[in-house]
Amino acid sequence: MRVDEIDRDSVDHVLTTTRAVRQRLDLERDVPLQIVQECLEIALQAPTGFNLQNWRWLVVTDPEKRAAIAEVYRRMLVPFLEVMEQESGDVDPTTQRVARSSWYLAEHLHEVPVHVIPCTVLQVNDDYSMFRQLGFDTDLTNMAASGVFGEVWSAGWSFMLALRSRGLGSSMTTIHLGGESEVADLLGIPEGVSQAGLIPVGWFTGDDFKPANRHPLHEVAFYEHWGNTEPAR
Ligand SMILES: Cc1cc2nc3c(=O)[nH]c(=O)nc-3n(C[C@H](O)[C@H](O)[C@H](O)COP(=O)(O)O)c2cc1C
């Protein structure tokens with residue numbers, strides 16, 4: 001397909017309206033595995049460090065396993081939401097809306113038909129001393145974190161976009177990682193493999209989404225030097 005044949009409006013629409021779907025997931029309707037596989041196939045086209053493709057994808061549909069994952073998820077979310085609530089008080093309606101929606105998802109997570117756990121065979125605390133031997137003079141923490149989770153979440157986002165264009169909803173979640181080892185035991189995830197989060201997947205029951213309100217580009221994009229919000233030309 002040539003560039004001028006790409007339907008850019010549709011592509012941009014999907015890119016700007018793929019929201020975290022929590023309250024508008026169809027909890028009754030089955031999601032065929034074949035659609036999940038089709039979307040994962042697309043996700044595998046995401047960038048991957050040195051083409052090593054360290055990602056792995058754990059698709060969970062078994063009701064008992066979903067219930068156990070949901071239990072861990074809720075246990076981690078409760079204290080987190082309490083802290084968020086204390087910090088935002090009554091003043092931040094957006095945070096409160098996200099908190100309500102997050103809690104709804106947590107309460108119903110076991111009913112969401114498919115749980116996808118993006119994993120990577122790398123760990124942040126793997127031995128990266130090779131890089132130091134190469135003369136890398138920086139603390140390697142950020143490099144490790146970026147290298148380990150960058151590719152798996154790039155692909156995770158592609159997966160979510162592919163779901164969206166097929167009428168399914170999902171959200172990027174990470175809170176269950178507070179109980180990562182419990183979920184690893186439950187699903188037989190071996191030592192050395194990191195979970196990146198959890199993507200609950202179901203049919204979207206709404207019509208459409210609008211682009212979200214984000215901080216405007218002119219506040220968050222800098223030119224030539226940190227803090228310069230005006231391009232030189
Ligand atoms: C790193 C990361 C972690 C997140 N973890 C959670 C989570 O544990 N639970 C949840 O419900 N949403 C989670 N989210 C989704 C965000 O809450 C959501 O993207 C944000 O509120 C903006 O909403 P939107 O994606 O619909 O624009 C996470 C998002 C990111 C990027």
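Just so you know, ligand 1 is whichever comes first in the structure, and atom 1 is the first atom listed for that ligand.
Checked by atom type and distance alone, the side chain of Glu151 pairs as donor or acceptor with a backbone atom of Gly49 at under 3.5 Å. Using modelled atom types, no side-chain atom of Gln123 and backbone atom of Ser194 make a donor-acceptor pair closer than 3.5 Å. Remark: side-chain polar atoms of Trp153 are paired, donor with acceptor, to backbone N or O of Ala196 under 3.5 angstrom.
Of the options Met172, Arg19, Arg22, the smallest heavy-atom separation from atom 2 (C) of ligand 1 is shown by Met172.
In this structure, Asp207 does not pair ionically with Arg24, as no charged nitrogen and carboxylate oxygen lie closer than 4.0 Å. Between Arg166 and Glu38 there is a salt bridge, since a side-chain N of the basic residue sits under 4.0 Å from a carboxylate O of the acidic one.
Within the 4.0 Å heavy-atom criterion, neither part of Met76 lies near ligand 1. Counting heavy atoms under 4.0 Å from ligand 1, residue Tyr104 does not touch it at all. Of the heavy atoms in His176, none comes closer than 4.0 Å to ligand 1.
Distance screen at 4.0 Å: atom 28 (C) of ligand 1 has a protein heavy-atom neighbour inside the cut-off.
Aromatic ring centroids of Phe136 and Tyr128 lie 6.0 Å or more apart.
Polar contact with ligand 1: present for Thr174 (N/O pair, distance under 3.5 Å). Considering backbone and side-chain N/O of Thr173, none are found under 3.5 Å from N/O of ligand 1.
Residue contact check: Ser102 has heavy atoms under 4.0 Å from atoms 11 (O) of ligand 1. Taking a cut-off of under 4.0 Å to the non-hydrogen atoms of Ile175, the atoms of ligand 1 that pass are 8 (O). Ligand 1 places these atoms under 4.0 Å from at least one heavy atom of Ala20: 24 (P), 25 (O), 26 (O).
Looking only at protein heavy atoms, the nearest one to atom 22 (C) of ligand 1 is Arg214 NH1, 3.8 Å.
Residue Tyr73 places a heavy atom less than 4.0 Å from ligand 1.
Ser170 and Val201 get closest at one heavy-atom pair: CB-CG2, 4.4 Å.
The neighbour count for Asp185 CG, taken as heavy atoms of other residues, nucleotides or ligands under 6.0 Å away, is above 12.
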